[in-house]
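So the structure is just underneath, and the comments pick up after that.
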Amino acid sequence: MNAITPNTPSLPAPVGLLAELTHRCPLRCPYCSNPLELDRRSGELDTATWQRVLTEAAGLGVLHVHLSGGEPTARSDIVEITQTCAKLGLYSNLITSGVGGALAKLDALYDAGLDHVQLSVQGVDAANAEKIGGLKNAQPQKFAFAERVTQLGLPLTLNSVIHRGNIHEVEGFIDLAVKLGAKRLEVAHTQYYGWAYVNRAALMPDKAQVDQSIRIVEAARERLKGQLVIDLVVPDYYAKYPKACAGGWGRKLMNVTPAGKVLPCHAAETIKHLEFWYVSDHSLADIWANSPAFTAYRGTDWMKEPCRSCDRREKDWGGCRCQALALAGDAAATDPACSLSPLHAKVRELATEEAAETPPDYVYRTIGSNVDRAAPPPLKEDAPL
Ligand code: SF4
Ligand code: FES
């Protein structure tokens with residue numbers, strides 16, 4: 001374990017850095033976890049600053065760098081940035097949509113030392129996938145991209161975000177992963193942050209559909225042992241206990257936005273009272289140890305009941321702070337995804353009601369518009385839905 005500063009000798013180093021290189025993206029997925037107010041190209045960090053940030057990350061003890069966005073290959077310097085990761089001994093994972101200029105840059109990324117590719121697939125049926133992603137002709141581009149990834153011998157993970165618009169395709173996603181030669185498939189039920197929170201009613205599946213998707217995954221895990229690993233992220237609103245979001249606040253991850261703001265998780269900016277530090281003003285080590293945003297919910301001292309006295313408090317770290325704020329109106333509350341939260345029954349009821357209604361149209365992710373659209377308000381224990 002690396003000591004960060006003399007003042008914080010017991011603070012372990014972060015394992016991963018999520019480098020959101022740009023918010024630009026050819027796709028417009030309505031479940032995107034990026035903030036509603038997306039960073040513009042003019043505000044993005046330059047190459048030298050990213051290289052300095054990566055150098056600091058390696059010095060701090062970071063092992064994995066997720067080159068993400070938006071679409072990271074939209075950056076003209078993506079190859080140089082990947083090369084820097086390789087030189088520093090950082091394991092690089094490209095999180096990509098596989099469309100736009102991604103295929104044209106893939107061989108150069110491989111030559112630069114890229115370690116892993118995570119490709120998003122919005123659906124199995126092309127028309128459905130392209131409706132969800134908001135981009136025509138995306139599916140053949142993704143398949144061509146996947147083919148080249150495996151030809152190069154790069155490990156491929158497919159990422160499918162599951163919601164009511166594609167939950168009937170879970171079996172198909174598994175077949176697709178096998179067909180494309182992926183080593184891993186993420187069946188990730190939508191987490192309701194950012195654009196997904198605004199689109200919650202359009203995305204929420206019902207409990208029977210969720211249960212069926214879990215059964216399909218469990219059967220496929222048995223059937224495909226040794227061939228395909230399937231990661232399952234279950235939907236919070238139907239869960240018994242929450243996930244340890246981001247591995248616990250300020251414990252494992254740092255997220256650097258395109259403009260260089262450093263967050264403990266991708267949705268942390270929704271917690272308006274937090275003070276975030278920028279890579280332009282502070283080193284990563286200083287931010288990790290001392291940034292008010294990172295220290296705010298690290299550990300367990302900030303917890304209220306029922307988390308404070310719960311024996312799971314160092315397992316899930318109270319769940320997700322951003323979800324607690326969105327649903328309970330208090331970032332220090334127990335995540336209402338937890339069955340011990342006083343709001344849990346309301347959350348279930350809400351999910352059931354939204355899933356039963358005709359889905360509204362998607363609000364597609366767009367830079368510079370829709371940002372004023374009201375997100376659903378927090379729940380109140382004693383108020384009707
Ligand atoms: Fe986790 Fe808090 Fe729920 Fe306990 S009460 S399971 S610590 S979220
Ligand atoms: Fe912020 Fe979960 S997304 S703590």
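In listed order, ligands and their atoms are each counted from 1. Only a predicted model underlies this, so the values are computations on that prediction, with no experimental measurement involved.
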- Message: Can a side-chain donor-acceptor contact be found between Tyr31 and Gln122 if the only test is distance below 3.5 angstrom?
- Response: yes
- Sub-4.5 Å side-chain heavy-atom contact between Met254 and Val53: no
- Using heavy atoms and a strict 4.0 Å limit, residues surrounding ligand 2 turn out to be Tyr193, Cys245, Trp249, Cys265, Ala267, Cys320, Arg321, Cys322
- Strictly by modelled atom types, are Thr22 and Glu71 linked by a side-chain donor-acceptor pair under 3.5 Å? no
- Tell me whether the guanidinium CZ or amine NZ of Arg298 lies under 6.0 angstrom from the six-membered ring centre of Trp288 and within 45° of its axis. yes
- Query: With a 4.5 Å heavy-atom cut-off, do Met204 and Tyr192 have their side chains touching?
  - Reply: yes
- Note on the structure: Within the 2.8 Å cut-off the protein N, O or S neighbours of atom 2 (Fe) of ligand 1 are Cys307 SG
- Task: Please work out whether the ring planes of Trp277 and His282 are parallel, tilted or perpendicular, with thresholds of 30° and 60°.
- Result: parallel
- Query: Does the side chain of Pro140 come within less than 4.5 Å of Asn137's, by heavy atoms?
  - Reply: yes
- Query: If you measure only the distance, is there a donor-acceptor pair under 3.5 Å linking the side chains of Glu305 and Ser309?
  - Reply: yes
- Query: For the hydrophobic clusters of this structure (ILVMFWY residues joined by side-chain heavy atoms under 4.5 Å, transitively), does one cluster hold both Phe143 and Val178?
  - Reply: yes
